[in-house]
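Scroll down for the structure; my scribbles are underneath it.
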Amino acid sequence: MFLGLVACNIDVVNENGKEKEEKPDKEENVVNVEEAEKLFIDYSTELYTIKDPSNPPTFDEIAESIKVYLTEEQYDAEIANRKFQIPELVSKQIKKSIEVQDVKLEEQSKNDDGTIDYLYIMKFKVYDENSSKIYEKEGELTLSTTKNKLKIDRDWSRGVKIDGLDGGL
């Protein structure tokens with residue numbers, strides 16, 4: 001018995017039946033640090049900013065706003081780990097607001113699969129009307145390009161001990 005399979009991608013054939021050149025989403029590993037930092041600060045701001053500790057965004061609200069920054073796999077992992085709930089719980093427990101101040105990335109490696117690894121330091125402020133303190137959070141980040149969009153493929157960080165809290169952020 002002989003089976004034959006043929007696949008055709010209509011996007012690579014133009015109107016005259018001739019092949020078009022298929023272009024990659026982006027040239028491999030061409031991501032500048034400013035672009036990566038903007039993505040990461042936007043993501044971090046959506047994840048960690050809690051303006052009103054008595055009425056923080058819900059897990060679902062944070063998850064929805066964060067979705068655009070993450071690969072599908074990373075989004076699913078963060079949902080499973082309930083990562084989006086941590087800032088809300090911290091803010092409620094200590095009754096203080098949280099605000100991302102700054103993010104610095106340092107490129108570590110460009111990988112064979114097209115991803116790029118970074119180390120990061122994120123500064124965030126925990127405050128209320130009586131006090132304010134800046135904390136630093138260190139971590140690792142992997143970025144990839146999916147459908148011509150830069151996405152976070154991995155975000156790992158050490159917890160940061162917050163004054164007035166048994167755990168960390």
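For Gln74 and Glu72, the side-chain atoms include no donor-acceptor pair closer than 3.5 Å. Glu46 and Ser65 form a side-chain donor-acceptor contact under 3.5 Å, judged by distance and modelled atom types alone. With 3.5 Å as the limit, one finds a donor-acceptor pair spanning the side chains of Asp52 and Ser54. For the 3.5 Å distance criterion, the side chains of Thr145 and Asn148 fail to qualify, holding no donor opposite an acceptor.
Distance alone, capped at 3.5 Å, places no donor-acceptor pair between the Asn111 side chain and the Gly114 backbone. In this structure, the side chain of Thr58 engages the main chain of Glu61 through a donor-acceptor pair within 3.5 Å.
More than 12 heavy atoms of other residues, nucleotides or ligands lie within 6.0 Å of NZ in Lys161, so this atom counts as buried by the packing criterion.
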Requested in this report: Given side-chain contact (heavy atoms from CB on, under 4.5 Å), test Ile134 with Gln101 step by step and report yes or no.
Outcome: CA-CA 8 Å; Ile134 302 290; Gln101 299 289 297; 3.9 Å; yes
Report task. Kindly indicate, with the supporting measurements, whether the criterion side-chain contact (heavy atoms from CB on, under 4.5 Å) is fulfilled by Met122 and Val100. Result -> CA-CA 7 Å; Met122 175 180 37; Val100 174; 4.0 Å; yes
Query - Ile98 vs Val90, side-chain contact (heavy atoms from CB on, under 4.5 Å): CA-CA, chis, key distance, verdict - result: CA-CA 9 Å; Ile98 302 170; Val90 167; 4.2 Å; yes
Report task. For the pair Lys92 and Glu88, evaluate salt bridge (Lys or Arg N to Asp or Glu O under 4.0 Å) and give the outcome as yes or no after the intermediate values. Result -> CA-CA 6 Å; Lys92 273 184 173 178; Glu88 168 196 358; 3.8 Å; yes
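Across every non-hydrogen atom of Asp42 and Lys38, the tightest pair is OD2-NZ, 2.7 Å. Across every non-hydrogen atom of Pro53 and Ser91, the tightest pair is CB-OG, 3.1 Å. Scanning both residues, Tyr75 and Ala63, for their nearest heavy atoms gives CE1-O, 3.3 Å. For the pair Thr71 and Ser144, the tightest heavy-atom approach, listed with the atom from each and the gap, is CG2-OG, 3.6 Å.
Listed by chain and number, the residues in a side-chain hydrogen bond (donor to acceptor under 3.5 Å, both in side chains) with Thr142 are Asp117, Arg154 (sequence neighbours excluded). Residues forming a ring pair (Phe, Tyr, Trp, His ring centres under 6.0 Å) with Tyr69 (at least two apart in sequence, or on another chain): none.
The shortest side-chain heavy-atom distance between Lys83 and Leu47 falls under the 4.5 Å cut-off. In this structure the side chain of Phe124 reaches within 4.5 angstrom of the side chain of Tyr135, judged on heavy atoms. Proximity of Leu141 to Leu105: side-chain heavy atoms (C-beta onward) are separated by under 4.5 Å at one or more points. No side-chain heavy atom of Lys137 sits less than 4.5 Å from a side-chain heavy atom of Arg158. Residues Lys151 and Leu70 have side chains not in contact (no heavy-atom distance under 4.5 Å, counting atoms from C-beta outward). Side-chain atoms of Ser109 and Ile116, non-hydrogen and from C-beta on, never get closer than 4.5 Å to each other. In this structure the side chain of Ser157 never reaches within 4.5 angstrom of the side chain of Glu138, judged on heavy atoms. Side-chain contact between Lys95 and Asp128 is absent, with no heavy atoms from C-beta onward closer than 4.5 Å.
Cation-pi check for Lys96 over Tyr127 is not met; the charged atom does not lie both under 6.0 angstrom from the ring centroid and within 45 degrees of its normal.
In this structure, Tyr118 OH and Gln108 CD are separated by 10.5 Å, a value rounded to the nearest 0.5 Å. Distance NZ/Lys123 to OG/Ser44: 14.5 Å, rounded to 0.5 Å. Atom OH of Tyr48 and atom CD1 of Ile50 lie 11.0 Å apart (nearest 0.5 Å). The CD atom of Glu73 sits 13.5 Å away from atom CD1 of Ile152, with the distance rounded to the nearest 0.5 Å. For the atom pair CG of Asn32 and CD of Glu37, the computed distance is 9.5 Å after rounding to the nearest 0.5 Å. Ile62 contributes atom CD1, which lies 15.5 Å from atom NZ of Lys67 (distance to the nearest 0.5 angstrom).
Under a hydrophobic clustering in which Ile, Leu, Val, Met, Phe, Trp and Tyr are joined whenever their side-chain heavy atoms come within less than 4.5 Å, directly or via other members, Val68 and Leu150 fall into the same cluster. Two different hydrophobic clusters hold Ile162 and Leu89 under the rule that ILVMFWY side chains link at heavy-atom gaps under 4.5 Å.
Ring pair Phe40/Tyr120 is tilted by interplanar angle, where 30° to 60° counts as tilted.
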